[in-house]
Protein chains: 2
Amino acid sequence: MTGGSYVRLEDVARHAGVSLATASRVLQGSSHRGRPEYRAKVMASAAELGYIPNPHARALAANTSDTIGLVIHDVRDPYFALIAGGAIDVATARGQFVTMACTYRDPELEARYIANLRAQRVRAIILAGSAFVDAATSKAMTTELESYYNAGGSVVSITRHRLPGDCLVVGNRSGAADLARRLVDLGHTSFALLAGTTRLVTIRDRVAGFKKGLAESGIEVDPAFEVSGTFDHDGGLRATQQLLASGRLPTCIFASNDVMALGALTALRRAGVDVPGEVSVAGFGDVVMARDFVPTLSTVHLPLEEMGAHAMELALRDERGSSPRKVTINGEVVLRESTGPAASRRRR
Amino acid sequence: MTGGSYVRLEDVARHAGVSLATASRVLQGSSHRGRPEYRAKVMASAAELGYIPNPHARALAANTSDTIGLVIHDVRDPYFALIAGGAIDVATARGQFVTMACTYRDPELEARYIANLRAQRVRAIILAGSAFVDAATSKAMTTELESYYNAGGSVVSITRHRLPGDCLVVGNRSGAADLARRLVDLGHTSFALLAGTTRLVTIRDRVAGFKKGLAESGIEVDPAFEVSGTFDHDGGLRATQQLLASGRLPTCIFASNDVMALGALTALRRAGVDVPGEVSVAGFGDVVMARDFVPTLSTVHLPLEEMGAHAMELALRDERGSSPRKVTINGEVVLRESTGPAASRRRR
DNA sequence: TTGTAAGCGTTATCAG
DNA sequence: CTGATAACGCTTACAA
């Protein structure tokens, strides 16, 4: 059908018997300008010839492009895979390309990649993944992003309110606090916190929110029960093993994300500890597979896919908003099998 | 640091006191041409000014680009997330961009997207995800890809040996046959096959291989135990429920991929059927989480991440291979908790 | 409205 | 080996 070579705008113009400029205007202008008969002719020719504009030429001439940069922590992490999926779908539907990078929370890698996206003049940059508490860590990246933004680029971040542009603010604090309250209602009184790195603001917020929720009932977390590690499956596994090794268990373990919770579940199972019989476990995020964990995981549901889609929509809106938008996303507590009434209570 | 505006090659040239052409040559030529003193000057100026080449201009002039198109079924599916992750990592390390699309096995969407990648003159296209048995379905896509390939583009596919270019051929048949043998060794005699859509060649191959493995021991699959559905979690769940509803169970269930197997596990658990006590379950692929399923999943391990990395390396090799390479990837059976000795045998 | 022509930032050709 | 200069395909003033 389409031959080996390319159809250029010039070919379309000639075929339609109009000038290059006219063809260009017709093809890009969603507006109704152009004499109807010319419009029709050009459209027909373009379709017949199978014309696809050269995005590079377009980018060069118009100083914009139709690709969006998506910077995430790791595609392999289901949390981000969901966000990416949602984002990619709306981009594809709108004829935009998505170029994606995984930066593994390495600020330097992030900075470098963003510089490249900027040079590529991507239409927008979406950043998903927590920032570090220490703002200086990502200074280079922030600077880069600001130049991009100031030059007219769109920036949408998820949970990075300090960055320029729009932001999807996840209610980490409130979600975790809600979860804590529900857990207390179940009768739990002693909690362990698998915090991951407390240098990530997401974790810090979730932990802070959780503690606040507990505090309302006068419950404090034993410092010995606050164990950190990496913010992933292994981190959850190791932290739990550490807990297990200490010989003392709380009645409930809160992992600051679902994947860590899964690690915790695995560690507990290996050690022969019954969940929720002996300990309850809860996570945060509600990754799709949380429903398939054994036991199914209690967690704070976040509409991850929609968040990705929403972020992409913000990134794609015609006029970059006069004022940056902050959209709050609130999670909803979902109690499933992994949390039960407190063990102590049960024994009564 | 970097100002708001852009540094162009011209600026670097002026700063270094050489011509545009010289600067261009120095900056792109990995070769040692250019007077050393000029080379040094240009490099220094570029570094000092923070020069980043404009990829669009480069693409337009040189008719190539430094982005690779990655077309997969769905990022949310851990199987593909792993492949994508492996691919993205090597691309990033080599300073290449990856633009990714999910096509959900929709041939039309695939064709459209590939046409766009082609127009964008991406440096290579990587295609992961099974083809349909019926070649006509993806005729348009194939044509598009061939034009791209014939025009000098690199194509690397995973499990699509009919396509032009290099191919990572997954030993679906042999892997499934191996698995079948091991399962027979365990004493199993009756098997159910959760096939997914038999229109996908991957599934067809896995099913055929599995049957072949069984046939070596004179075992046949009861047609009533061969149930199809979608090639995902839900497909596995539903197929298993269907099986359950029929009132008759085999001693072992083979799901043609891990995610389906997870669905099966969930259905079984909900129905109160013990695995592997009453039925054994096996999958294919060895998604990371297979180790966290309860029970941990027996499956055929595929080095998914390495496959993605390998595919990207093939895509990036300097000269497109004179002859297309076919690399065979063989899976390895991993027996974990989800398969045990056949239930009937146990009861003796 | 439509056409002409001047860029956009690089690469590549061709003289010097 | 180096330096002008013409592409590359498209957008967009500017002119008609």
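Naming: A, B, ... by sequence-line order, numbering from 1 per chain.
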Qualifying ring-ring contact (aromatic ring centres under 6.0 Å, His included) pairs, either residue in residues 112-145 of chain B, two or more places apart: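 Passing the test, one end in residues 112-145 of chain B: Phe97(A)-Tyr113(B).
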Between dC8(C) atom C1' and His56(A) atom NE2, what is the distance in whole Å?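 So the NE2-C1' distance, His56(A) to dC8(C), works out to 14 Å.
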Would one find a side-chain N or O of Tyr51(A) under 4.0 angstrom from OP1 or OP2 of dC10(D)?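 Yes, such a contact exists.
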Select one nucleotide: of [options], the one nearest the side-chain heavy atoms of [X].
| X | options | value |
| --- | --- | --- |
| Leu60(A) | dT11(C), dC10(D), dG9(C) | dG9(C) |
| Ala62(B) | dG3(C), dG3(D), dT11(C) | dT11(C) |
| Ser19(B) | dT4(C), dG9(C), dA4(D) | dA4(D) |

Among Arg325(A), Arg317(A), His310(A), whose side-chain hydrogen bond (donor to acceptor under 3.5 Å, both in side chains) with Asp166(A) holds?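 Of the listed options, the one satisfying the test is Arg317(A).
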Just report the end-to-end axis angle for the helix from dT1(C)-dA16(D) to dG16(C)-dC1(D), five pairs per end, to 10 degrees.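 Inter-axis angle at the ends, rounded: 40°.
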Checking Ser24(B) against Gln28(B) for the side chain to side chain donor-acceptor pair (under 3.5 Å) test, could you report, in this order, the C-alpha distance in whole Å, the side-chain angles of both residues, the deciding distance, and whether it holds? CA-CA 6 Å; Ser24(B) 171; Gln28(B) 72 185 279; 3.0 Å; yes
Please examine the side chains of Ile329(A) and Pro303(A), heavy atoms only from C-beta on, and report whether any two atoms are closer than 4.5 Å.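 Yes. Closest side-chain heavy atoms under 4.5 Å.
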Kindly indicate whether the side chain of Arg25(A) and the base of dG3(C) share any N or O donor-acceptor pair separated by less than 3.5 Å?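 Yes.
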Residue pair Thr67(B), Gln120(A): steps toward the side-chain contact (heavy atoms from CB on, under 4.5 Å) verdict: CA-CA 11 Å; Thr67(B) 112; Gln120(A) 217 204 10; 3.9 Å; yes
Pairs involving residues 125-137 of chain B, ordered by first then second residue, that meet salt bridge (charged side-chain N to carboxylate O under 4.0 Å, His left out) (sequence neighbours left out):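 Every candidate salt bridge (charged side-chain N to carboxylate O under 4.0 Å, His left out) pair involving residues 125-137 of chain B fails, so no pair, neighbours aside, qualifies.
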